[in-house]
Amino acid sequence: MSRYNFRESEAKWQQRWRDGATFAARHDPARPKYYVLEMFPYPSGKLHVGHVRNYTMGDLVARYRRACGYNVLHPMGWDAFGLPAENAAIAGGIHPAVWTAENIATMRGQLQRMGFAYDWAREIATCHPAYYRHEQKMFLDFLAKDLAYRKESWVNWDPVDHTVLANEQVIEGRGWRTGALVEKRLLSQWFLRITRYSDDLLSALEKLDRWPERVRLMQEHWIGRSEGARVRWPLSDGRTTIEVFTTRPDTLYGASFIALSPHHPFSEKLAADNPALAEFIAECDRIGTSEEAIETAEKRGFRTGIDAVHPLDKERRVPVYVANFVLMEYGTGAIFGCPGHDQRDLDFARKYGLPVIPVVLPPKTDPASFAIGDTAYVEDGTIFNSSFLNGMSVTDAKRAVGERLEASGAGERTIAYRLRDWGVSRQRYWGCPIPVIHCADCGIVPVPEADLPVRLPEDVDFAAPGNPLDRHPTWKHVACPNCRKPAVRETDTFDTFFESSWYFLRFCSARAPVAFERAAADYWMPVDQYIGGVEHAVLHLLYSRFFMRALSECGYLRLDEPFAGLFTQGMVCHQTYQNAEGEWLFPEEVQTDPAGRLLDADSRPVVAGRLEKMSKSKKNVVGLDTIVDTYGADTARLYLLSDSPPERDLEWTDTGIEGAWRYVNRLWRMVSEPPVPLPPPGAAIPASLPPALAALRRTTHKTIAAVTDDIDKFRFNRAVARIRELSNALEDLDPSDPAAAGPVLREGLETVTRLLGPMMPHLAEEMWHELGHAEMLADAAWPVADAALARDEQVTIAVQVNGRLRATLDLPRDAAASEVEEAALALPQVTRLLEGKVPRKVVVVPNRIVSVVA
RNA sequence: GCGGACGUGGCGAAACGGUAGACGCAGCAGACUUAAAAUCUGCUUCCCGACAGGGAGUGCGGGUUCGAUUCCCGCCGUCCGCACCA
């Protein structure tokens, strides 16, 4: 009984692929291209099995498309800037560049051991000046096009990482990496004008028909388009005019107050000579942005004592408040409150004793008896109490008010977006330097292109908190490029999402002296199939879409959407364990005693927690090296593909990987010890075969058709099941007629081998070789099903009586409906139930079912 | 609160509106072994039954249909995203 020697085989075939540059992608406009990309990893240390699921899927797609004749680009690189490197430097005295390079070396080795078909000649790491110099140039181009700008603003400050976070990086009020409660700080920051494309980023989602619906919805919500109106309210003392944004201009006659954000310019102006208001605003800032803080924070307002004049009725006045719940960043930073038809406004009005004027009457309601209680009426209805709007629908009233406002100059219809500009400044060392210089005389001066790249200094000190670039003795001190007087460099670095927003373009011509060669990008882009985690649904995936538009505007290329197809894979989960102290334990630290109790190494009780995504922090990880050492890369790959649908989470179990390993050996035995002698490759199959062998051939060709379809539709678990079905059938082969069985078995084994090629490439190469082929399987074409053989000539038809299955009929394919009906009605199981009566109805679905209604 | 996804054996899961549970894991029985591992064979949704067969069954309650895991309506539960967005 021979065992498959994966160690020898995997090393051998990896060597063969490397020597032959099998997976090198060559620019060839004559051939159809296919660009497969998995989201590139951050080099955090070592890979565990959870990391490689999406690379396994990407590799399957890449190898499959290659076999189908596409010119495939399948590159890999490293998202190499980021805080963990810097934190390691602070903790362990190792330079971030060294730490990063070591991790890359480790992880590259791990990926290579998995046998992924990458074009390693295109490998990139974003921390190299050869990479980041190009994004410094992009930034200068963005500046020139007013796509980048600097402004002072309230930002999200992570007190643990000592840096600013983008809105997208704040999850439930906490930093996405540290989990620390985010604070508000007023800082001068660089922003990218993503809002210039709000409308296009939103409307183009519709065309991304190979993206998951859920990701498109998340982006749609994130961009958050709201149609409404800007309305100007003059103050009664004539000092200024307050502009508000509303989505309900139809309820304008129900207004009973104006509320300004604490950061509204007019609030701040009033606070300058109103200490009580200044104190109120300071208090608002003290309340965090966390979920708890918002939930529990009372809706509070400060009455300014000023009134505003109703824009549609000069006689009406409403009081102006400063209120803690009004955001400066959305709309105009001011609202009008209509308590009758907005719950929050109602709560505010009740609290401060403001009038509640209903202006939308629910259908079939008597206006005389309609009153607002504790619940605002937010549904549709007929406008009343509203002058010229009375009797209109909500929709009509919105239009009528818009027209009136525009005619009188008191406002206009407009669209507000939730999306805000992307703050890209980070007060950290390990990132791409922002290429500008601050000069006392000239202001902000871009670094001249000839001086790029602005390199990170290597001699930095991490002993003190804060940004080492800022503390560096010499680096930031430069002459102003304009006036040559002493000036200082910008010491902030880019958000690392800057690097990942265009790396897919760099892969198209990874060694080019420019960011990317236009011709290469025009050929390879867009990415045909992108694969990664759903956690980037709004971050990376939205920024990349923005970058394509911005780069197009700057003349780099002409393409809006970077990723034509997107697949978001599920996570790999594993049981978690904790001891009585709540400390996490590695799976290998946990044992089961004879009574079935879980114990740690010192025989103390252990609690099994829920299944969670594999993560170092919870210690529920299975090392990739251990698995590859024990079972080989192919076994791990098969398991990652077979047990769950790709989009769903997969539970990693020891028994599961063992099952995959058993199958690997079964496959190897099938080709190395066939039950009948196999004819040489290419041998003809006898035209006339015993029925069992003819059926086996049909199974073979049906499997080709089904697996091809499954792979096209990303149903990898089903594809594996189909292949296993075929190999099960091949194992049941009747060896009594070797002359007929041999060719059929060869066809079946070759089919299994070829279908498995993209999933278990080393084993498949070894089987292919064992089956007598000199060429590599990686260079063989994808099998094509014989359409005639892939269809059954006999079909099993189910027979139902009153909706219940009572029998089955084996009949020739496409038998006439009348014959099928006749055969069904003659069945004893059917006649018994009919009791001699004529059926009321008979439905015949060709080749499927007969449904008899008694 | 808003939006979305999901709910099928002991477990992971299959099933163009057409024979529910393919494929695998675990389990049970057996074969081969001095024995174990490995491997092979059979069984394995639940209930009644020795078999044949019958009944129930896809979270719950309705509906459409000859026929519903699938479509529609209403609940319940789990997970995810957003959340003071005017």
Side-chain angles (χ1 to χ4, degrees), chain A residues 1 3 171-173 212-222 224-226 228-229 231 244-248 251 259 261 287 289 291 293-295 297-299 323-327 329-338 341-345 347-348 416-420 534-535 537-538 638-639 642-645 647-660 662-663 665-666 669 715 717-728 731 796-809 829 839-854:
Chain A
M1 169 94 37
R3 277 199 145 202
I171 314 293
E172 293 181 349
E213 184 61 29
R214 149 170 107 113
V215 173
R216 290 190 288 171
L217 266 168
M218 280 161 72
Q219 292 210 358
E220 194 181 315
H221 289 151
W222 192 263
R225 182 184 197 271
S226 297
V231 185
V244 305
F245 173 76
T246 178
T247 55
R248 294 296 303 272
T251 64
S261 164
I287 297 166
T289 51
E291 188 182 6
I294 288 166
E295 285 288 301
E298 234 184 317
K299 309 284 177 271
N324 63 350
F325 61 87
V326 182
L327 304 174
E329 303 85 45
Y330 184 75
T332 61
I335 61 163
F336 83 81
C338 175
H341 307 287
D342 181 282
Q343 190 58 45
R344 199 192 40 210
D345 293 350
D347 296 343
F348 191 84
Y417 295 92
R418 212 188 76 108
L419 184 68
R420 284 157 215 174
V534 76
E535 66 271 18
V538 279
L638 177 72
Y639 179 54
S642 62
D643 247 33
S644 283
E647 67 279 6
R648 224 178 284 180
D649 288 350
L650 169 78
E651 186 194 353
W652 185 275
T653 61
D654 292 344
T655 51
I657 186 77
E658 277 160 22
R662 275 199 293 275
Y663 184 56
N665 283 296
R666 261 173 68 197
R669 252 175 275 126
R715 294 189 298 215
N717 57 323
R718 277 226 332 205
V720 172
R722 298 277 197 176
I723 297 170
R724 291 186 86 130
E725 255 179 297
L726 173 57
S727 59
N728 287 348
E731 281 183 325
T796 303
I797 293 173
V799 180
Q800 289 186 348
V801 180
N802 291 337
R804 293 197 59 95
L805 179 75
R806 294 296 170 180
T808 57
L809 280 171
Q829 297 94 319
R840 285 198 289 152
K841 188 171 180 181
V842 179
V843 180
V844 177
V845 182
N847 301 323
R848 287 241 166 229
I849 201 164
V850 182
S851 185
V852 180
V853 188

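Order of the sequence lines sets the chain letters (A, B, ...), proteins ahead of strands, with each chain counted from 1.
Remark: R662(A) is in phosphate contact with C25(B), judged by side-chain N or O atoms under 4.0 Å from OP1 or OP2. The phosphate of A5(B) has neither OP1 nor OP2 within less than 4.0 Å of any side-chain N or O from R216(A).
Here A83(B) is the nucleotide among C16(B), A83(B), C85(B) with the atom lying nearest to any side-chain atom of W222(A). The nucleotide whose nearest atom lies closest to any side-chain atom of F325(A) is, among C84(B), A22(B), A13(B), C84(B). Minimum atom distance to the side chain of V843(A) is reached by G18(B), of the listed G18(B), A86(B), A13(B). Closest to the side chain of S226(A), from the set A38(B), C85(B), A86(B), is A86(B).
When the P atom is compared between G9(B) and G4(B), the two are found 27 Å apart, to the nearest whole Å. Rounded to whole Å, the C1' atom of U70(B) lies 13 Å from the corresponding atom of A14(B). Here the separation of G21(B) from G7(B), taken at their C1' atoms, is 16 Å to the nearest Å. Using atom P as the reference point in both A38(B) and C25(B), the two lie 13 Å apart (nearest Å).
Side-chain atoms of R666(A) and N728(A) include a donor-acceptor pair closer than 3.5 Å.
Using a 4.0 Å heavy-atom criterion, one finds that E725(A) contacts the sugar-phosphate atoms exclusively.
Figure legend. C25(B) is base-paired to G10(B); pairs are counted as Watson-Crick or G-U wobble with both atom distances under 3.5 Å.
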